[in-house]
Amino acid sequence: MIDVKLGLHISTFSWPGGAQRLGPVLADIASAADEAGFDRISVMDHVWQIHVNGPPEMEMLEAYTALGFLAAHTSRAQLLTLVTGVVYREPGLLAKAVTSLDVLSGGRAMLGIGAAWNEEESLGLGLPFPPTAERFERLEEALRICRQMFAGDETAFAGAHYRLDRLLNSPLPLRRTPILIGGGGERKTLRLVAEYADACNLMNTDELPHKLDVLKRHCDAVGRDYDEIEKTVLYRFTGDLAETEREARRLAGLGVTVMHGPVRDSWQKTGEFKRTVEAVAGL
């Protein structure tokens, strides 16, 4: 067995049958992945479809509503966004949403979070989208607030961008909620991973070894054990199992612990999707 866990990322909802079939198909996809042994299932935190997948007019579900639905149709997989844009929700409400998901799913929620990047959808629906530097400042404050609320610390928080008088979070999560930070920015994002996160999510490019080395240097600088951070890499499962196995071995050699991405033809209840899911999960 290859020591790499697998994650299913559901990034498109434009399936045959339209909106009326969207719920049943999504339930089929999630339950198939859950039963096959995928460690986690994620959705994007976007309100419009992103251009890499198609035009913005394509179907898109609100992330935490979708994750609540997925919680009811799975029993073992961890559930998260890949990843929440920090400026889309006030951090106190975000912590409450993730906590609610954790409690209702039996302790399976993760917080996936990043600095946000989609200005087009933000302006379109009136969501805040401050300059890059401010978004990263807000991200660090949000990480501190969420960690504090997940731990049950009600002490007031006063930052440059957020002020919370009492960080009451009842009920608390059923477990210590893992935090994943998405992005490979070397100066800010990977530093935040070293300081605050349990996991990172990186692109599977030629720069991956370098990004991991940068993360290790940040860990050394803040006194963090690099090996305790889960390294997640985006990977599109094509159905070519030999290729997937080669990539899994290569990534494991770099210290990557999770291959996480979409599965080809995942809208199909039977056939290629289930065969691919079961075969990949058995690697």
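All values below were derived from every heavy atom in this structure, side-chain atoms included, with hydrogens, water molecules and symmetry-related copies excluded.
Salt-bridge check for Arg147 with Glu195: failed, with every basic side-chain N at 4.0 Å or more from each acidic carboxylate O.
Residue-environment remark: CG (Asp206) stays at or below the threshold of 12 foreign heavy atoms within 6.0 Å. Within 6.0 Å of atom CD in Gln20, 12 or fewer heavy atoms from other residues, nucleotides or ligands are found, so the atom counts as exposed in its surroundings. Within a 6.0 Å radius of CE in Met203, other residues, nucleotides and ligands contribute 12 heavy atoms or fewer. Within a 6.0 Å radius of NZ in Lys188, other residues, nucleotides and ligands contribute more than 12 heavy atoms.
Taking hydrophobic clusters as Ile, Leu, Val, Met, Phe, Trp and Tyr residues chained together by side-chain heavy-atom distances below 4.5 Å, Val98 shares a cluster with Ile179. The hydrophobic clustering, which links ILVMFWY residues whose side-chain heavy atoms are closer than 4.5 Å, places Leu180 and Trp117 apart. Residues Phe150 and Val103 do not share a hydrophobic cluster, clusters being chains of Ile/Leu/Val/Met/Phe/Trp/Tyr side chains in contact below 4.5 Å. Under a hydrophobic-cluster definition in which Ile, Leu, Val, Met, Phe, Trp and Tyr are linked whenever side-chain heavy atoms come within less than 4.5 Å, directly or via other members, Leu234 and Leu215 are assigned to different clusters. Met110 and Met259 are not part of a single hydrophobic cluster, where members link through side-chain heavy atoms under 4.5 Å apart.
Partners of Arg89 under the side chain to side chain donor-acceptor pair (under 3.5 Å) rule, at least two apart in sequence or in another chain, are Asp45, Glu62. Looking at residues two or more places apart in sequence or on another chain, you find no salt bridge (charged side-chain N to carboxylate O under 4.0 Å, His left out) involving Arg144.
Residue Val86 comes nearest to Tyr162 through the heavy atom pair O-OH, 4.2 Å, listed as atom of the first residue, atom of the second, then distance. Closest approach of Val87 to Pro130, counting heavy atoms only: CG1-CD, 3.8 Å. Taking each heavy atom of Met149 and Leu168 in turn, the nearest pair found is CE-O, 3.9 Å. Of all the heavy atoms in Leu202 and Gly184, the pair that sits closest is CD2-CA, 3.8 Å. Between Gly124 and Trp48, the shortest heavy-atom distance links the atoms CA-CH2, 3.6 Å. Contact detail for Phe237 and Gly7: the closest heavy-atom pair is CE1-O, 3.6 Å.
Rounded to the nearest 0.5 angstrom, Leu80 CG and Asp102 CG are separated by 12.0 Å. To the nearest 0.5 angstrom, Leu101 atom CG is 11.0 Å from Thr65 atom OG1. We find the CZ-OH distance between Phe129 and Tyr88 to be 6.5 Å, quoted to the nearest 0.5 Å. For the atom pair CZ of Phe157 and CZ of Arg163, the computed distance is 11.0 Å after rounding to the nearest 0.5 Å. Rounding to the nearest 0.5 Å places CZ of Arg21 at 15.5 Å from CZ of Phe13. Atom-to-atom distance recorded for Arg108:CZ and Leu79:CG is 5.0 Å, nearest 0.5 angstrom.
You'll find the side chain of Cys200 stays beyond 4.5 Å of the side chain of Ile181, heavy atoms only. Taking the side chain as every heavy atom from C-beta outward, Val256 and Asn204 never approach each other to under 4.5 Å. Ile113 places a side-chain heavy atom less than 4.5 Å from the side chain of Leu139. At a threshold of 4.5 Å between non-hydrogen side-chain atoms, the residues Met60 and Glu121 do not count as touching. When side chains are defined from C-beta on, Asp198 counts as touching Arg176, because their heavy atoms get closer than 4.5 Å. Residues Ile41 and Ile10 have side chains in contact (heavy-atom distance under 4.5 Å, counting atoms from C-beta outward). With contacts defined as side-chain heavy-atom distances shorter than 4.5 Å, the pair Met44/Gln49 qualifies. Looking at Leu111 and Leu94, their side chains come closer than 4.5 Å, going by heavy atoms from C-beta outward.
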Problem set entry | salt bridge (charged side-chain N to carboxylate O under 4.0 Å, His left out) evaluation trace for Glu243 with Arg246 | CA-CA 5 Å; Glu243 176 192 336; Arg246 286 194 298 272; 5.4 Å; no
Exercise. Step by step, would you call Arg250 with Leu254 a side-chain contact (heavy atoms from CB on, under 4.5 Å)?
Worked result: CA-CA 7 Å; Arg250 183 184 70 84; Leu254 293 174; 3.8 Å; yes
For this session: Applying side-chain contact (heavy atoms from CB on, under 4.5 Å), run through Thr189 and Phe136 and close with a yes or a no.
Result: CA-CA 8 Å; Thr189 303; Phe136 274 97; 3.2 Å; yes
For this session: Would you check, one step at a time, whether the test side-chain contact (heavy atoms from CB on, under 4.5 Å) holds for Asn118 with Val47?
Result: CA-CA 10 Å; Asn118 197 325; Val47 289; over 6 Å; no
For this session: Check step by step if side-chain contact (heavy atoms from CB on, under 4.5 Å) holds for Leu8 and Val263.
Result: CA-CA 7 Å; Leu8 174 65; Val263 174; 3.6 Å; yes
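Checking side-chain atoms of Glu230 against main-chain N and O of Val258 turns up no donor-acceptor pair under 3.5 Å. The closest donor-acceptor contact from the side chain of Lys96 to the backbone of Pro91 lies at 3.5 Å or more, if one exists at all. Looking only at distances, a side-chain donor or acceptor of Gln148 sits under 3.5 Å from a matching main-chain atom of Thr155. Checked by atom type and distance alone, the side chain of Thr99 never pairs as donor or acceptor with a backbone atom of Leu172 at under 3.5 Å. Formation of a donor-acceptor pair under 3.5 Å by the Glu137 side chain with backbone atoms of His161 is not found in this model.
The side chain to side chain donor-acceptor pair (under 3.5 Å) test with Glu186 singles out one residue from Lys211, Arg191, His218, and that residue is Lys211.
A donor atom on one side chain and an acceptor atom on the other are not found under 3.5 Å apart for Thr12 and Asn53.
His73 and Phe69 have tilted rings, their planes meeting at an angle from 30° to 60° on a 0 to 90° scale.
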